Every structure is written in C-alpha cells, then in structure tokens.
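Notes follow the structure.
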Amino acid sequence: MSDADQAEYLHTKQVFQLSDTLSRDIQRLRPQKQHLLHYTSLDAFYNIMESGRVRLSSVKSTNDPSEFLFGVEVVQQGLREARSEARDEEQPIIDRCADELINRNFKAFVFCMSEAIEDESEVGDLNQWRLYGADGRGIALLFDISTQPKWDELQTLISIPRRVIYGEKEGVSFVKEQIQEFFNNFRSLPKETQEYMGKLPDYMSGYLGNVLFWLPSVLKHKAYRHEREIRLIRGDIGEHAGNPLVFNDKGTIRRPSIELPISNWDQSVEPSVQSSPISRVIIGPSGDQAAIEDSVSYFLEARQWDANVRRSDIPYRAV
C-alpha cells in the first residue's frame, strides 16, 4: 500500500468510526430500568424456548401503521433544522445526506420489549397484557440487564437495547443532537484528516448518513409513549449475513422476520444449563394459571432453561 493509499485509509477509518452509531451505545437511548419485559402468546413462548431463538420482525409490520414512515419524516425535519443552524461548510454535506437518505432503504428488524417499573418485574403491566400478552392469557419474558455481564450478553447475542423516543418534537431534537455530535467529533480529529475529508463531501454525507439511517427505527408517535418501549435492532439480512428471512402469518399477510439465538448454551458441555438474559417467565393474569404454570415449569426444566416461573396476581378476567 502506497503512502497516499495508507493516508486515505487512515483518514476515512477515523471518520467511519465516528459514524458507526448502530453498533454503539448512545446514552440518551440507554434503558433507564434494569428489567425489560417481552409480552407474547403461549404458543410463541413455547417456540422461543424450544428453538432458543427470538424473532425480530420487520419494523414496518408492527402495530403502528405509520411505523418507520413517521421516523423518516422526523429525521428529514431534523436535517432541515440542523442545516439552518450549521456552518457554511457543513450545509452541502447535510443537503447531500438528506437526498441520499431518501433512497437508502434500511431494512430494519426489531424485537420489542418494555421497561419494567415499580412491581412490573413481578406481575407485568395490565395494558401490555391486553395488547401483546394474548389478553392476559400469554407470557411475559423478563430480560435482566441489571449487571454489565447481562447487558453484554444481550448485546452480543442480538444488539444493544435502545429506548424508543416518542413525539415529533423530541425526535427532531434527538436527530439534531446526533448531527451536531458528528460534526463536533469530526472537528476534534487531526487537522490533516479534516482537510482531506473536506475535499470529499460525498464521503462526508455518506458518513453522516451512517449516523441517521437507522434512527427511524427508534422514533414513534407520542400516542405510544405509554409502552415505554425498548428495541433490539438488526438490519443485516440474507444468507451472506447468516440471518435468512423467515415468514410468519399475521392475518392474511406473511410478515418478514429474522430469528437470532437468545442463549449461549454450549450443547457440547455436559451437564449444561441454558444461560440467557431471560431470568423470569411470568404467567399472564387471565386463563388457567395453575395448568399453564405446571406446563411451563416442566417445559423449562426438560430443556434445562435457567429461569424461574411466577404467576401474575393482577386481578383480571379476559372477555
């Protein structure tokens, strides 16, 4: 590699590292609670624990019909407002980035959870049971991120847990923060790197796009803020990435998904217990809890899952 090629590689590598936010913990998106709950049906629970894999669904297949489209509009608005406040040399980069993002088709897949507050890590939340837990007849999986090893385990298996930001105003503010942080960090790089990259606005707009292209996945309408949602996000699909698409029926539509392991269980080691970030299984407040608890407990024991089982004691009878 020539000296010129090596210099180019070093300059672009430094800027790429500033822009690789999909694989970086972002403080404002970090969960504020230590436990996360995933509500699901009993059948889906059995499938998860049988396969040791969780399903990440296309972000466009969620319960919010404006999903992702709302986020794209918020990112575009953030770009417009950031441009009006940007330095002269930054404005062409922002303009190019806005144009490129329209055609940058990020295929986002998400696994959705909610932050557990107060005693929800014991009983769940009634509204979430109704909406996502088979109207109280389902299961809530408790994910423990109370320690750094547990956090690291979830991040390694799937991705970094990220808090959803609700509302246009909050979303635009967050987008502008990310844009400003990118340029602030760029200005902290060596002068020769800034001068070199300043002559390559197309490169710079692409790197700024790396900061923004996945943000619509964590921006939602304010009407959903009661869900206190946390998301695990992946975008690498296809056989080459090791995450082939699978399809599941939802009504009359076959929804695209990817499936990823949720256990570090090493089947070559005997005896072995399946270890995962899932620390508890909560039985929904409606239905035959005694029979479900008995089935779930035996099911987990037979498959050597290390997770305790408890019943939700919320007084609720499904219609």
Side-chain angles (χ1 to χ4, degrees), residues 20-40 44-45 48 52-59 61-64 67-68 71 106-118 120-121 124-125 128 131-133 139-167 170-171 174-175 177-178 181 210-220 224-237 243 257-264 275-282 306-307:
D20 188 23
T21 54
L22 184 56
S23 60
R24 186 188 311 156
D25 187 15
I26 298 174
Q27 187 61 35
R28 189 169 169 186
L29 297 185
R30 194 177 180 91
Q32 299 172 338
K33 305 298 180 182
Q34 296 182 338
H35 297 104
L36 312 174
L37 286 167
H38 175 72
Y39 297 84
T40 190
F45 159 77
I48 290 171
R53 301 173 73 83
V54 294
R55 178 174 293 161
L56 285 75
S57 301
S58 169
V59 74
S61 297
T62 64
N63 61 313
D64 176 3
E67 186 82 18
F68 204 76
F106 176 55
K107 294 179 173 62
F109 292 80
V110 297
F111 181 78
C112 303
M113 301 174 283
S114 63
E115 291 188 287
I117 62 173
E118 298 174 347
E120 287 179 8
S121 61
D125 172 76
Q128 295 293 85
L131 289 172
Y132 305 112
I139 295 291
L141 300 176
L142 183 75
F143 287 74
D144 183 358
I145 54 169
S146 60
T147 65
Q148 192 61 46
K150 288 290 187 181
W151 173 280
D152 292 341
E153 186 176 28
L154 187 56
Q155 176 180 343
T156 300
L157 290 168
I158 302 181
S159 74
I160 299 170
R162 300 182 189 276
R163 187 166 55 89
V164 169
I165 292 180
Y166 297 98
E170 282 292 310
F174 176 70
V175 171
E177 285 177 13
Q178 297 306 298
E181 180 180 338
N210 290 343
V211 175
L212 305 176
F213 75 102
W214 62 273
L215 293 187
S217 305
V218 294
L219 302 173
K220 290 190 70 172
Y224 292 88
R225 60 163 49 101
H226 66 279
E227 295 181 350
R228 305 186 305 276
E229 190 173 344
I230 302 297
R231 289 185 160 180
L232 303 175
I233 305 169
R234 292 292 286 265
D236 49 341
I237 64 171
N243 298 318
S257 308
I258 60 175
E259 294 181 348
L260 295 172
I262 195 58
S263 172
N264 280 323
S275 173
S276 83
I278 300 172
S279 63
R280 178 174 298 154
V281 177
I282 306 174
D306 183 21

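Since the structure is predicted, the reported quantities are computational estimates derived from the model, not experimental observations.
How far CG of Leu142 is from OG of Ser279: 4.0 Å, rounded to the nearest 0.5 Å. To the nearest 0.5 Å, atom CZ of residue Arg225 and atom CD1 of residue Ile165 are 12.0 Å apart. Residue Leu37 holds its CG atom at 11.0 Å from CD1 of Ile230, rounded to the nearest 0.5 Å. Atom CG of Leu212 sits about 7.5 Å away from atom OG1 of Thr21, to the nearest 0.5 Å. Leu154 CG to Ile145 CD1: the interatomic distance, rounded to the nearest 0.5 Å, is 7.5 Å. Taken from OG in Ser23 to CG in Asn210, the straight-line distance is 10.0 Å, to the nearest 0.5 Å.
A cation-pi contact, defined as under 6.0 Å to the ring centre and within 45° of the axis, links Arg30 to Trp151.
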Intermediate values then yes/no, side-chain contact (heavy atoms from CB on, under 4.5 Å), Ile48 and Leu141
CA-CA 10 Å; Ile48 290 171; Leu141 300 176; 4.1 Å; yes

For side-chain contact (heavy atoms from CB on, under 4.5 Å), just list the numbers for Gln178 and Val175, CA-CA rounded to whole Å, side-chain angles, deciding distance to a tenth of an Å, and then say yes or no.
CA-CA 5 Å; Gln178 297 306 298; Val175 171; 5.8 Å; no

Test side-chain contact (heavy atoms from CB on, under 4.5 Å) applied to Arg162 and Asp25, step by step
CA-CA 8 Å; Arg162 300 182 189 276; Asp25 187 15; 5.7 Å; no

Evaluation steps, side-chain contact (heavy atoms from CB on, under 4.5 Å), between Ile139 and Tyr39:
CA-CA 6 Å; Ile139 295 291; Tyr39 297 84; over 6 Å; no

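Side chain of Glu115 to backbone of His35: no donor-acceptor contact under 3.5 angstrom is found. Of the possible donor and acceptor atoms, none in the side chain of Arg53 sits under 3.5 Å from a partner among the backbone N and O of Ser263. For the pair Ser159 (side chain) and Gln155 (backbone), a donor-acceptor distance under 3.5 Å is absent.
Separation of the His38 and Phe143 ring centroids does not fall under the 6.0 Å cut-off.
We find that Arg163 and Glu229 are not joined by a salt bridge, their nearest charged nitrogen and carboxylate oxygen being 4.0 Å or further apart. Here Glu259 does not pair with Arg234 in a salt bridge; the nearest charged N to carboxylate O distance is not below 4.0 Å.
For the residue pair Ile282 and Gly124, the shortest heavy atom distance occurs at CD1-N, 4.3 Å. Residue Phe109 comes nearest to Lys107 through the heavy atom pair CD1-O, 3.4 Å, listed as atom of the first residue, atom of the second, then distance. For the pair Leu157 and Pro261, the tightest heavy-atom approach, listed with the atom from each and the gap, is CB-O, 3.7 Å. Between Pro31 and Leu36, the shortest heavy-atom distance links the atoms CB-CD2, 4.4 Å. When every heavy atom of Gly171 is checked against every heavy atom of Leu219, the shortest pair comes out as CA-CD2, 3.9 Å. Taking each heavy atom of Trp214 and Ile26 in turn, the nearest pair found is CZ2-CD1, 3.7 Å.
Arg28 has its side chain within reach of Phe174: a pair of non-hydrogen atoms, C-beta onward, lies under 4.5 Å apart. At a threshold of 4.5 Å between non-hydrogen side-chain atoms, the residues Arg231 and Leu29 do not count as touching. Proximity of Leu56 to Val110: side-chain heavy atoms (C-beta onward) are nowhere separated by under 4.5 Å. Proximity of Met113 to Leu232: side-chain heavy atoms (C-beta onward) are separated by under 4.5 Å at one or more points.
Donor-acceptor pairing under 3.5 Å is recorded for the side chains of Glu227 and Tyr132.
Tested against Glu120 for a salt bridge (Lys or Arg N to Asp or Glu O under 4.0 Å), the candidates Lys33, Arg228, Arg280 yield a single pass: Arg228.
The local environment of CG in Asp306 is sparse, with at most 12 non-hydrogen atoms from other residues, nucleotides or ligands closer than 6.0 Å. Within a 6.0 Å sphere centred on CD of Gln148, other residues, nucleotides and ligands contribute more than 12 heavy atoms. Counting heavy-atom neighbours within 6.0 Å of Lys150 NZ, excluding the residue itself, gives a total above 12.
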